J.: 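Take a look at the following structure, please.
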Amino acid sequence: MVDVKCLSDYELHKHLMKLGFTPGPILPSTRKTYEKKLVQLLASPPWKPPVMKRPTRPHGSEDSDDSEGTVVGGAARWQLHVY
């Protein structure tokens with residue numbers, strides 16, 4: 001593990017950025033806060049954003065084209081499927 005107290009301001013900034021955190025200026029008044037943040041980020045498992053999957057049609061759909069909505073009486077009617 002990295003000894004955060006021995007890092008230069010630049011190195012501390014670089015490590016935080018590498019872990020996905022964008023710090024403000026590292027000053028004597030903010031350094032301890034950023035050191036704590038780096039320790040937290042190093043100790044926690046990496047976070048991945050959820051994978052967005054394309055909505056699927058319900059089983060038995062008779063729709064043969066790729067459109068999501070149908071036009072009825074000149075107005076589009078959209079169906080939202082929440083799973």
Side-chain angles (χ1 to χ4, degrees):
M1 184 130 137
V2 178
D3 186 6
V4 296
K5 295 197 183 290
C6 294
L7 296 175
S8 69
D9 291 346
Y10 173 76
E11 292 170 325
L12 178 58
H13 186 273
K14 191 167 85 171
H15 279 286
L16 288 166
M17 293 290 288
K18 183 178 172 185
L19 294 169
F21 182 80
T22 307
I26 298 177
L27 306 169
S29 60
T30 60
R31 183 169 175 96
K32 280 191 176 190
T33 302
Y34 290 130
E35 286 175 354
K36 284 182 184 179
K37 185 64 179 176
L38 180 57
V39 169
Q40 288 174 349
L41 291 170
L42 290 170
S44 66
W47 179 83
K48 291 184 180 179
V51 176
M52 299 300 286
K53 292 172 38 176
R54 189 171 175 201
T56 58
R57 290 196 184 102
H59 296 295
S61 176
E62 296 176 14
D63 204 12
S64 62
D65 68 344
D66 241 6
S67 67
E68 289 292 319
T70 57
V71 177
V72 177
R77 183 179 68 186
W78 296 93
Q79 297 175 349
L80 176 63
H81 301 286
V82 179
Y83 298 98

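All values reported here derive from a predicted model rather than from experimental measurement.
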J.: Working to the nearest 0.5 Å, report the span between NZ of K5 and CZ of R31.
T.: 8.5 Å
J.: How far apart are the closest heavy atoms of P25 and T30, and which atoms are they?
T.: O-OG1, 3.0 Å
J.: Grab the two heavy atoms, one from G24 and one from Y34, that are nearest each other, plus how far apart they are.
T.: N-OH, 2.8 Å
J.: Any chance you could measure H15, atom NE2, to L42, atom CG, to the nearest 0.5 Å?
T.: 8.0 Å
J.: With a 4.5 Å cut-off on side-chain heavy-atom distances among I, L, V, M, F, W and Y, is there a chain of contacts connecting L19 to V39?
T.: yes
J.: With a 4.5 Å limit on heavy-atom distance, are the side chains of K37 and T33 in contact?
T.: no
J.: If I take atom CG from residue D9 and atom CD from residue E11, how far apart are they, to the nearest 0.5 angstrom?
T.: 9.5 Å
J.: What's the separation between atom NZ in K18 and atom NZ in K14, rounded to the nearest 0.5 Å?
T.: 8.0 Å
J.: At what distance, to the nearest 0.5 angstrom, does CG of L38 lie from CZ of F21?
T.: 10.0 Å
J.: Would you say S8 and H13 make side-chain contact, with heavy atoms under 4.5 Å?
T.: no
